Asks: 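Starting off with a structure, shown below.
Please read all numbers here as calculations on a predicted model, not as lab measurements. Starting from 1, each residue takes its place in the sequence as its number.
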Amino acid sequence: METVRAEQNISEKQYIVGMESADQREVLEEEREEQTGTEEINANGEDNLKDNNMIPLVLTEEEAEELAEDPGVAFVEEDVCVRASTGKTERGTEGAGWHKKEIKRIKKNRAAEEWNIRMIHGDQRKQEKKKEKRKSKEKRKIRIAVLDSGVDHANDIHLAETISLVPGEEGMSPLFMDGTGHGNSVAGLIAAEENGEGITGVAPDAEIYSYRVLDDDNCAPVSRVVEAIYMAVDRKVDIINMSFGVDTYSEALAQAVKDASASGILVIAASGNTGEKGVQYPAALEETMAVGSVDKDGDVADSSSVGKEVEIVAPGELVRSTGVLGEEIVSSGTSLAAPQVAGVAALIWEKDPDMPADFVRALLNESANGYGDQEQYGNGLVDARYALEHYEEFKKKYKKNKETKLEENKEKVLSFEDTGCVEGSWATDDHGDMIPSGRINVQKGARFNDLKEDRYVEHYGKTKNDNIYTFRGMIDNPWWHGYQKTNYVAAYIYETKLANQMQYGGTVSVTKGLSSKVKEEINADLAVLKKYWSKELASGKVTKQAKRDFVWGMAIHTLTDTFAHSAYVWGKKDKKWVHLVHKPENAYQKRQDYAVADTTKAYPERWQDARRAVYGAMCQYEKTVHPAGTHNEFRYVQDSDSYRLGNIYENVMAVAGTAAATKFLGSNHSTK
């Protein structure tokens with residue numbers, strides 16, 4: 001983040017300046033217009049920093065010190081970066097607790113639930129669900145904001161909203177929002193659906209509001225986090241989960257968390273993985289529930305940050321969760337402990353959404369199994385069953401006296417000799433970067449097509465003859481965005497062939513339906529990409545397999561974008577099939593109801609089918625015979641009554657012939 005003024009050779013940094021009033025903020029903004037950095041920090045933001053009298057400015061240290069003396073300035077602080085709470089740091093031994101821990105040893109977890117869910121009795125949700133079915137009144141869903149590295153729409157998590165605040169990602173496909181897998185794993189532990197696929201979250205009925213603040217290095221400036229917190233406040237969420245931390249106190253972050261808490265939100269954060277160095281922020285703030293992590297024996301993890309701020313603990317070592325592109329990952333850290341507490345909080349809140357956040361927080365703490373030293377375990381191990389079994393009793397007492405207590409939870413702690421989980425998805429260095437599986441590079445490739453120009457400039461600098469920007473833009477690059485201007489079926493197939501060639505060599509077989517000009521464009525684009533492999537591939541490992549994975553991801557982007565950029569819906573008033581577009585001011589027609597191409601809630605069947613297409617493509621990618629993609633990955637449109645794909649019949653016919661197109665579509669899918 002540090003830059004140098006060329007003419008003065010003075011070091012500059014990004015700062016957050018808090019003003020005493022809106023009038024004073026406006027004056028400062030005018031005076032230092034050239035030094036503001038909002039656009040660089042908060043893509044897709046909503047001016048929440050400004051609304052709360054905060055301004056991001058690029059300043060020298062001397063300028064910052066002078067500005068802090070201004071009577072209208074409340075604070076000036078460096079806009080430091082928070083990091084995802086993964087990784088390990090060794091620390092000392094634990095102390096004695098409130099009562100002696102008793103364990104129930106389990107040799108191997110043979111239950112349907114993951115070991116961590118069993119340890120916190122999170123499977124209690126099944127019993128609660130049966131009880132709820134007997135009640136006629138349907139309660140609203142609990143809303144949980146996950147501030148993290150994003151959550152993919154392709155996962156089995158109910159997303160109420162998904163936004164990236166990372167610069168250069170304003171138009172990122174919701175199917176590939178998470179750049180590292182960290183956000184998917186956090187959200188999966190909270191709310192992955194109970195559908196027989198992958199894991200089931202603690203509170204699968206919860207609604208997730210996903211705000212991507214962490215970039216592909218799993219870090220974010222505080223200003224971006226503050227913006228996201230206020231977005232969550234505006235959405236009136238019930239819970240905010242933050243699985244990241246920073247050692248430095250931030251006035252801006254503290255104010256945002258305080259405002260969120262005052263609005264009735266329960267704020268939960270990972271304590272960090274710095275061991276005895278202390279609990280990180282925002283977890284260390286009074287308004288936040290700081291969550292530490294324990295291992296399969298219920299012992300506090302060596303990496304878990306300790307201190308008087310630790311409020312509660314949950315499993316965080318070798319925890320299985322949701323990954324990218326339908327895979328599961330095993331990860332460690334307080335990042336994974338915090339969302340399980342958020343899930344239990346949601347289970348409690350579901351019983352009566354009108355109860356305040358303080359009640360939920362108090363019940364979480366009172367029902368926890370407190371068997372360890374308070375600076376390491378806080379109030380103890382979160383226990384969903386104990387909380388729900390004592391819910392009515394505690395609620396009745398709480399209404400009379402908010403300081404009410406429960407009988408101490410002395411349940412035996414489940415201890416697992418064999419969890420069935422082997423770590424391999426996360427590194428243990430200070431940054432907690434993901435060790436890439438094949439799928440993480442596929443995911444990175446699938447995201448690459450949508451990266452904006454300023455992202456490239458940040459990575460590589462801008463050179464006169466550089467055409468690295470040519471991947472983004474539906475009109476200019478239809479072969480990378482599933483746009484009907486070219487044969488998107490043939491483009492997808494050709495791109496997967498090129499991907500396979502990168503690992504296995506040989507020549508690329510003829511792809512019918514694709515013009516020589518388009519082939520040349522695709523080849524030229526990939527030739528440019530070769531200069532940037534080390535920057536774009538996970539961990540920078542430029543292997544043949546990594547390159548194949550990345551280009552396969554780019555091809556999958558082409559496939560899935562078709563369901564956004566080439567989709568038509570029947571206009572009842574228009575009496576014809578109408579092409580969905582992005583924004584009315586940039587579109588072929590001015591109708592707002594058709595400017596919803598990238599809106600997942602508009603004609604949602606498109607996104608369900610795009611998700612199914614991803615899985616179909618991944619099946620092709622993983623076959624041992626290494627085939628290319630096929631037109632069959634587009635087949636899901638044939639089941640739809642709500643939308644059609646432009647030129648789909650003609651495109652399939654050009655690739656596979658008239659008989660195949662007729663059989664493939666089943667009925668007339670013309671949009672004419």
Side-chain angles (χ1 to χ4, degrees), residues 154 175-176 323-327 436-449 479-482 486-516 518-519 521-523 525-526 529-530 537 543-563 566 609-639 645 648-666:
L175 290 170
F176 313 112
V324 298
L325 299 170
E327 76 176 349
S437 65
R439 290 194 176 199
I440 192 62
N441 275 324
V442 175
Q443 176 86 347
K444 285 185 174 293
R447 290 169 47 77
F448 183 75
N449 303 18
W479 42 85
W480 292 117
H481 296 279
T486 192
N487 186 330
Y488 48 78
V489 177
Y492 159 70
I493 294 171
Y494 183 63
E495 289 155 11
T496 61
K497 288 179 178 179
L498 291 176
N500 287 342
Q501 185 187 41
M502 289 191 168
Q503 182 171 1
Y504 305 112
T507 57
V508 174
S509 60
V510 175
T511 302
K512 296 179 181 178
L514 203 62
S515 70
S516 298
V518 171
K519 288 180 182 177
E521 291 279 6
I522 294 172
N523 291 339
D525 288 345
L526 292 185
L529 181 62
K530 290 176 182 178
L537 296 172
T543 64
K544 290 180 179 180
Q545 180 181 343
K547 290 191 283 187
R548 172 188 182 252
D549 295 340
F550 192 86
V551 178
W552 251 100
M554 294 177 70
I556 288 174
H557 186 109
T558 301
L559 165 67
T560 56
D561 259 14
T562 304
F563 295 86
S566 294
D609 290 346
R611 174 181 167 182
R612 294 160 73 192
V614 170
Y615 294 142
M618 290 306 296
C619 287
Q620 290 295 108
Y621 155 81
E622 290 183 338
K623 285 180 180 177
T624 55
V625 293
H626 316 303
T630 72
H631 66 273
N632 283 320
E633 280 84 273
F634 295 84
R635 66 186 178 277
Y636 303 104
V637 66
Q638 67 188 352
D639 301 325
L645 296 181
I648 184 65
Y649 183 88
E650 293 81 0
N651 287 347
V652 173
M653 181 175 66
V655 168
T658 304
T662 303
K663 180 181 179 181
F664 170 75
L665 293 169

Asks: Okay, side chain of H626, backbone of T624: is any donor-acceptor separation there less than 3.5 Å?
Replies: yes
Asks: Any chance you could measure K512, atom NZ, to I493, atom CD1, to the nearest 0.5 Å?
Replies: 11.0 Å
Asks: Kindly write out the residues that satisfy side-chain hydrogen bond (donor to acceptor under 3.5 Å, both in side chains) with E633, not counting sequence neighbours, or none if the list is empty.
Replies: Y492, T630
Asks: Check S566 against G482 and note the closest heavy-atom contact, atom names and distance.
Replies: OG-O, 2.7 Å
Asks: Kindly indicate, with the supporting measurements, whether the criterion side-chain hydrogen bond (donor to acceptor under 3.5 Å, both in side chains) is fulfilled by T558 and E495.
Replies: CA-CA 9 Å; T558 301; E495 289 155 11; 2.9 Å; yes
Asks: Run the numbers on R548 and Y621 for side-chain contact (heavy atoms from CB on, under 4.5 Å), then give the verdict.
Replies: CA-CA 10 Å; R548 172 188 182 252; Y621 155 81; 3.4 Å; yes
Asks: Taking all non-hydrogen atoms of both residues, which atom of W480 and which atom of D561 are closest, and how far apart?
Replies: O-OD2, 4.5 Å
Asks: Run the numbers on Y488 and L559 for side-chain contact (heavy atoms from CB on, under 4.5 Å), then give the verdict.
Replies: CA-CA 7 Å; Y488 48 78; L559 165 67; over 6 Å; no
Asks: Output, in order, the C-alpha distance, side-chain angles, deciding distance and verdict of side-chain contact (heavy atoms from CB on, under 4.5 Å) for H631 and N651.
Replies: CA-CA 9 Å; H631 66 273; N651 287 347; over 6 Å; no
Asks: Measure across T496 and A628 and return the closest heavy-atom pair with its distance rounded to 0.1 Å.
Replies: OG1-CB, 3.4 Å
Asks: I'd like to check the side-chain hydrogen bond (donor to acceptor under 3.5 Å, both in side chains) partners of S509; sequence neighbours left out, ordered by chain and number.
Replies: K497
Asks: Test of understanding: with side-chain contact (heavy atoms from CB on, under 4.5 Å), list the residues that count as partners of A654, not counting sequence neighbours.
Replies: N487
Asks: Using the side-chain contact (heavy atoms from CB on, under 4.5 Å) criterion, which residues pair with M502? Sequence neighbours excluded.
Replies: L526, W533, K547, V551
Asks: Which pairs count as salt bridge (Lys or Arg N to Asp or Glu O under 4.0 Å) when at least one residue sits in residues 617-628, sequence neighbours excluded?
Replies: R439-E622
Asks: Sequence neighbours left out, what passes side-chain contact (heavy atoms from CB on, under 4.5 Å) with A446? Give chain and number order.
Replies: F176
Asks: Please report the interatomic distance CD1(I522) to CG(L514), rounded to the nearest 0.5 Å.
Replies: 5.0 Å
Asks: Would you sort out whether D525 and W479 count as a side-chain contact (heavy atoms from CB on, under 4.5 Å), showing the intermediate values?
Replies: CA-CA 11 Å; D525 288 345; W479 42 85; 3.3 Å; yes
Asks: How far does CG of L325 sit from CD of Q443, to the nearest 0.5 angstrom?
Replies: 4.5 Å
Asks: Could you grab the distance from atom CD of Q503 to atom CG of D549, nearest 0.5 Å is fine?
Replies: 7.0 Å
Asks: Are I556 and M618 close enough that some pair of their side-chain heavy atoms sits under 4.5 Å apart?
Replies: yes
Asks: So, taking the atom named CZ in F550 and the one named CZ in R447, what distance separates them when rounded to the nearest 0.5 Å?
Replies: 10.0 Å
Asks: If you round to the nearest 0.5 Å, how far is CD of Q545 from CG of N441?
Replies: 8.5 Å
Asks: Residues two or more places apart in sequence or in another chain: which of them pass side-chain hydrogen bond (donor to acceptor under 3.5 Å, both in side chains) with N523?
Replies: Y494
Asks: Could you work out, with side-chain hydrogen bond (donor to acceptor under 3.5 Å, both in side chains) as the rule, every residue matching T560, not counting sequence neighbours?
Replies: none
Asks: Please set out all donor-acceptor pairs under 3.5 angstrom arising from side-chain atoms of residues 609-617, sequence neighbours excluded.
Replies:
from : atom 1 : to   : atom 2 : distance (Å)
D609 : OD1    : R612 : NH1    : 3.0
D609 : OD2    : Y643 : OH     : 2.6
R611 : NE     : A154 : O      : 2.8
Y615 : OH     : A154 : O      : 2.9

